[in-house]
Amino acid sequence: MNVLVTGGAGFIGSHVVDRLIEKGYGVIVIDNLSSGKVQNLNKNALFYEQSIEDEEMMERIFSLHKPEYVFHLAAQASVSISVKEPARDAKTNILGSLVLLEKSVKYGVKKFIFSSTGGAIYGENVKVFPTPETEIPHPISPYGIAKYSVEMYLDFFAREYGLKYTVLRYANVYGPRQDPHGEAGVVAIFTERMLKGEEVYIFGDGEYVRDYVYVDDVVESNLLAMERGDNDVFNIGTGRGTTVNELFHMLKEITGYNREPVYKPPRKGDVRKSILDWTKAKEKLGWEPKVPLEEGLRLTVEYFRKAVD
Ligand SMILES: O=c1ccn([C@@H]2O[C@H](COP(=O)(O)OP(=O)(O)O[C@H]3O[C@H](CO)[C@H](O)[C@H](O)[C@H]3O)[C@@H](O)[C@H]2O)c(=O)[nH]1
C-alpha cells in the first residue's frame with residue numbers, strides 16, 4: 001500500500017517515514033529540502049524533491065502513485081519567519097496544504113493526517129492547564145493562524161467531499177534529527193551548544209513553561225490516526241510542564257556541561273505557558289506518551305554526541 005509523507009526529510013516527518021517503512025508500507029516522500037535534509041531520508045522511500053505548492057507536480061505524483069494515506073508534515077515551521085513574512089508562510093502552510101487537499105479528494109485518499117500545533121494555536125489567554133481541545137483557538141502568529149486555517153479547511157473538505165482526516169496538535173516536539181540551527185527547538189539548541197562547550201542563552205527569566213513530547217511518541221500518534229480518530233482533533237503532549245531553567249539543568253547534568261546560562265531579553269511573541277491535555281487522544285486514539293522527559297533527553301543527547309563528533 002502506498003502512503004505519502006510530505007516533509008519526509010524533516011525532523012518529525014523522517015521519523016514517521018522510518019516507522020511506516022518498518023511496517024511495510026510503500027512510502028513516497030515529498031520534501032523541498034528547505035529545512036529537511038537528505039541524510040534524514042530513509043533509503044527505501046521514493047523521494048521527490050518538490051514543493052507542495054507546485055500544483056502540476058502534485059498532480060503527477062498523486063496520479064502516478066495514488067497514495068491511500070497522506071501524512072502532511074511539510075511546513076514553513078518557523079514562528080518568527082511567519083511573523084516577518086506572513087505571505088510567504090501562508091503560501092506554503094495554507095496554499096500548499098490546499099493543493100494537497102484537492103489532490104487527496106481527486107485521487108480518493110482514505111485519510112489525511114495533518115500535523116498541527118498545540119503550542120501556537122491556543123494563544124495567550126488560556127486559563128486551563130493542561131489545555132484541552134475544547135479551548136477555542138486564538139493563534140497569535142501567522143504560523144498558528146495558518147495551521148488553524150488548514151484545520152478549518154479540513155472540516156470543510158470532510159463535509160463537502162467526504163475526505164476523512166485527523167488533526168494532531170503537537171506540543172513541543174524534541175528528539176534526534178531536530179535542527180539546532182534555527183531559533184526554535186530549544187532542546188536541540190541547548191544540547192548542541194552544551195556538547196560543544198558554547199554559551200547557552202535563556203530568553204527572559206527562564207520560567208517559560210512548555211510541554212516537551214518525544215518524537216517517537218509523536219510518530220505513534222500518526223500511525224494510530226490511520227485507523228482511528230476520524231474527522232477529529234487531538235492534542236499530542238504529555239500534560240507535564242517544564243520551565244526552560246529546569247530543562248537547562250536536566251541537560252546540563254546529562255551532557256556534563258559546566259557553565260552557567262546567559263540570560264537574554266525575552267523573545268518577542270513567546271507565550272508564557274503551554275501544556276496540553278492529552279486525555280482525548282488516550283480515549284479515542286488509544287495514544288499515550290510513553291517516553292519520560294529524562295529518558296527522551298538522554299536519547300537526544302546520545303544522538304547529538306555522535307553527530308557533533
Ligand atoms: O536558545 C533558546 C531557544 C529557546 N528558548 C526558550 O525555550 C522555550 C521554547 O522555545 P522553542 O523555540 O523551542 O519552541 P516554542 O515554544 O517557541 O514553540 C514553537 O516552535 C516549535 C518548534 O520547535 C513548534 O513549532 C511550536 O508549535 C511553536 O509554538 C521558549 O520559552 C524560548 O524562549 C531559550 O530560552 N533559548
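Just follow the structure's listing: the first ligand is 1, and inside any ligand the first atom is 1. Residues: numbered from 1 along the sequence shown.
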Practice task
Run the numbers for me: atoms of ligand 1, each under 4.0 Å from some heavy atom of A120, listed by number.
Solution key: 29 (O)
Practice task
May I ask you to decide whether E294 forms a salt bridge with R240, counting only side-chain N to carboxylate O separations under 4.0 Å?
Solution key: yes
Practice task
For Y208, counting its heavy atoms only, list the atoms of ligand 1 lying under 4.0 Å from any of them.
Solution key: 31 (O)
Problem - Ion pair E55/K103, N-O distance below 4.0 Å - result: yes
Exercise for the section: Return the option from V271, N172, L247 holding the heavy atom at the smallest distance from atom 15 (P) of ligand 1. Expected result: N172
Practice task
Decide, yes or no, whether a salt bridge links K164 with D230 under the criterion of side-chain N to carboxylate O below 4.0 Å.
Solution key: yes
Exercise for the section: Could you tell me whether V79 and ligand 1 have an N or O pair separated by under 3.5 Å? Expected result: no
What side-chain donor-acceptor pairs closer than 3.5 Å can you find for residues 218-225, not counting sequence neighbours?
{"unit_1": "E220", "atom_1": "OE1", "unit_2": "R19", "atom_2": "NH1", "d": "2.5"}
{"unit_1": "S221", "atom_1": "OG", "unit_2": "V218", "atom_2": "O", "d": "2.6"}
{"unit_1": "N222", "atom_1": "ND2", "unit_2": "Y170", "atom_2": "OH", "d": "3.0"}
{"unit_1": "N222", "atom_1": "ND2", "unit_2": "V218", "atom_2": "O", "d": "3.0"}

Handout entry: Straight-line distance of E199 CD to K264 NZ, nearest 0.5 Å
Key = 7.0 Å
Handout entry: Closest approach of W287 to I236 (non-hydrogen atoms, all atoms of both residues)
Key = CZ2-CG2, 3.5 Å
Problem - Numbered atoms of ligand 1 (with element) below 4.0 Å of D270, judged on heavy atoms - result: 17 (O), 30 (C), 31 (O), 32 (C), 33 (O)
Practice task
Compute the shortest N/O to N/O distance between F190 and ligand 1 and return yes if it is under 3.5 Å, no if not.
Solution key: no
Problem - Atoms in ligand 1 flagged as close to V244, the criterion being non-hydrogen separation under 4.0 Å - result: 6 (C), 7 (O), 8 (C), 31 (O), 35 (O)
Problem - Residues, nucleotides or ligands: over 12 heavy atoms within 6.0 Å of Y153 OH - result: no
Practice task
Report yes if R210 has an N/O atom closer than 3.5 Å to an N/O atom of ligand 1; otherwise report no.
Solution key: yes
Exercise for the section: Please determine, by modelled atom types, if T279 and D277 share a side-chain donor-acceptor pair under 3.5 angstrom. Expected result: yes
Handout entry: Ligand-residue contact atoms, ligand 1 with I202, heavy atoms, under 4.0 Å
Key = 35 (O)
Handout entry: Test item, Y143 contacting ligand 1 (heavy atom, 4.0 angstrom)
Key = yes
Handout entry: V186, portion touching ligand 1 at heavy-atom distance under 4.0 Å
Key = both
Handout entry: Donor-acceptor side-chain pairing of E133 and Y122 below 3.5 angstrom
Key = no
Practice task
Indicate yes or no: does R177 engage D18 in a salt bridge with an N to O separation below 4.0 Å.
Solution key: yes
Problem - Close N or O approach (G185, ligand 1; < 3.5 Å) - result: yes
Exercise for the section: Check Y201 against ligand 1 and report side chain, backbone, both or neither, counting heavy atoms closer than 4.0 Å. Expected result: backbone
Handout entry: Which of the ligand 1 atoms, numbered from 1, are nearer than 4.0 Å to a heavy atom of T117
Key = 27 (O)
Problem - Y170 N/O under 3.5 Å from ligand 1 N/O - result: no
